[in-house]
*Asks:* 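Supplied in structure tokens, the structure appears directly below.
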Amino acid sequence: MDKNSVPLSVAEWFNEGLRCFNKPDGIGAVRAFEAVIKVNPAYRHEDGDNPYFYLGKISEIEGRVDDAIMFYSSALTLDPYDEESLIGRGSCYTVKKNHKVAVADFKKVLDIPPESRNAPLQHVLYAIAENFRQQKDFPNALHWGEKALSEDPDNYRHQELVADVKKQMRDVP
């Protein structure tokens with residue numbers, strides 16, 4: 001949007017935020033999404049997206065994990081089953097080593113009906129398994145890792161996780 005053009009509606013601000021986000025112009029995107037929130041904190045775009053998700057994604061990309069969690073949580077107050085915000089927040093909680101909360105977010109993604117879910121099932125299952133592995137809860141890591149592997153048997157990361165967890169379980173006294 002040029003300097004002489006001012007968005008007239010919350011939808012135009014949101015679309016400007018998307019345009020900047022995809023450019024990428026993080027500063028412009030933040031400015032536009034913050035304008036959306038200022039005008040209508042409960043705004044949802046026609047496709048269901050909301051500005052909090054994008055502010056969360058920008059914060060996550062910039063390494064501001066606590067801010068990202070806050071924005072994703074705000075997005076989830078508008079839609080408790082916002083799949084992208086659940087995955088984003090779960091990923092941030094994984095980074096912060098808050099594995100129980102991360103697992104809860106990823107499991108909530110599994111509650112979304114498969115025909116409505118966008119994330120590949122095997123990736124969500126792997127994220128759950130990885131969180132259990134990082135907690136050294138090897139029986140649960142194996143359970144979820146094998147589920148991920150059954151969804152995508154040729155996936156090297158899934159094979160590696162299952163093999164590592166089995167080795168860890170053998171090595172535990």
*Asks:* Mind checking side-chain hydrogen bond (donor to acceptor under 3.5 Å, both in side chains) for Gln135 and listing every partner two or more places apart, or none if nothing turns up?
*Replies:* none
*Asks:* Is it true that Arg19 and Asp25 have a side-chain N and a carboxylate O under 4.0 angstrom from each other?
*Replies:* no
*Asks:* Might you point out which heavy atoms bring Ala75 and Asn50 nearest each other, and give the distance in Å?
*Replies:* CB-OD1, 3.4 Å
*Asks:* Rounded at 0.5 Å granularity, tell me how far OG in Ser9 sits from CG in Asn40.
*Replies:* 11.0 Å
*Asks:* Which residues pass the ring-ring contact (aromatic ring centres under 6.0 Å, His included) test with His123, not counting sequence neighbours?
*Replies:* none
*Asks:* Assess whether a salt bridge exists between Glu160 and Arg157, defined as any Lys/Arg side-chain N lying under 4.0 Å from an Asp/Glu carboxylate O.
*Replies:* no
*Asks:* Identify whether Ile58 and Val36 are in the same connected component of the hydrophobic contact network (ILVMFWY, side-chain heavy atoms under 4.5 Å).
*Replies:* yes
*Asks:* Heavy atoms only: give me the nearest Asn118-Glu83 pair and the separation to one decimal.
*Replies:* N-OE1, 2.8 Å
*Asks:* Roughly how far, to the nearest 0.5 Å, is CZ of Phe106 from OG1 of Thr94?
*Replies:* 4.5 Å
*Asks:* State, yes or no, whether a side-chain contact exists between Leu110 and Ile128 at a heavy-atom distance under 4.5 Å.
*Replies:* yes
*Asks:* Could you see if Tyr126 belongs to whatever hydrophobic cluster contains Leu142? Use Ile, Leu, Val, Met, Phe, Trp, Tyr and a side-chain cutoff under 4.5 Å.
*Replies:* yes
*Asks:* Less than 4.5 Å apart, side chain to side chain, heavy atoms only: is that true for Arg117 and Leu121?
*Replies:* yes
*Asks:* Are Phe132 and Leu86 connected, step by step, through hydrophobic side chains (Ile, Leu, Val, Met, Phe, Trp, Tyr) whose heavy atoms are closer than 4.5 Å?
*Replies:* yes
*Asks:* Return the CG to NZ distance between Leu161 and Lys166, rounded to the nearest 0.5 Å.
*Replies:* 11.0 Å
*Asks:* Is the shortest heavy-atom distance from the side chain of Leu55 to the side chain of Tyr72 under 4.5 Å?
*Replies:* no
*Asks:* Do Asp49 and Arg44 come close enough that some side-chain heavy atom pair is under 4.5 Å?
*Replies:* no
*Asks:* Provide the closest heavy-atom pair for Pro51 versus Phe14 in the form atom of the first, atom of the second, distance.
*Replies:* N-CE1, 3.6 Å
*Asks:* When rounded to the nearest 0.5 angstrom, what distance separates CG in Asp66 from CD in Glu60?
*Replies:* 12.0 Å
*Asks:* Taking Val65 as the starting point, is it possible to reach Val103 by hopping between hydrophobic residues whose side chains are less than 4.5 Å apart?
*Replies:* no
*Asks:* Is there a side-chain contact between Ile69 and Lys96, using heavy atoms and a 4.5 Å cut-off?
*Replies:* yes
*Asks:* So does Pro153 get a backbone contact from the side chain of Gln159, meaning a donor-acceptor N/O pair under 3.5 Å?
*Replies:* yes
*Asks:* Quick check: does any side chain N or O of Ser85 sit under 3.5 Å from a backbone N or O of Asp82, one acting as donor and the other as acceptor?
*Replies:* no
*Asks:* Distance to the ring centre below 6.0 angstrom and angle to the axis at most 45 degrees; does that hold for Arg133 and Phe138?
*Replies:* no
*Asks:* If hydrophobic clusters are built by linking Ile, Leu, Val, Met, Phe, Trp and Tyr wherever their side-chain heavy atoms come under 4.5 Å apart, do Leu76 and Tyr52 end up in the same one?
*Replies:* no
*Asks:* Begin with the C-alpha distance, continue with both residues' side-chain angles, and end with the deciding distance and a verdict on ring pair (Phe, Tyr, Trp, His ring centres under 6.0 Å) for Phe53 and Phe71.
*Replies:* CA-CA 6 Å; Phe53 163 74; Phe71 285 123; over 10 Å; no
*Asks:* Mind listing the closest non-hydrogen atom pair of Ser59 and Asp67 along with its distance?
*Replies:* OG-CB, 3.8 Å
*Asks:* Any heavy-atom pair between the side chains of His99 and Lys97 that's under 4.5 Å?
*Replies:* yes
*Asks:* Is the shortest side-chain heavy-atom distance between Arg64 and Met70 below 4.5 Å?
*Replies:* no
*Asks:* Of all residues at least two apart in sequence or in a different chain, which pass the ring-ring contact (aromatic ring centres under 6.0 Å, His included) check with Phe21?
*Replies:* Tyr54
*Asks:* Any chance you could measure Glu130, atom CD, to Asp164, atom CG, to the nearest 0.5 Å?
*Replies:* 8.5 Å
*Asks:* Specify the closest pair of heavy atoms between Cys92 and Ala68, including all atoms of both residues, with the distance to one decimal.
*Replies:* SG-CB, 3.7 Å
*Asks:* If every non-hydrogen atom of Val165 is compared with every non-hydrogen atom of Ala141, which pair is closest and at what distance?
*Replies:* CG2-CB, 3.8 Å
*Asks:* About how many Å separate NZ of Lys108 and CG of Asp111, when rounded to the nearest 0.5 Å?
*Replies:* 8.0 Å
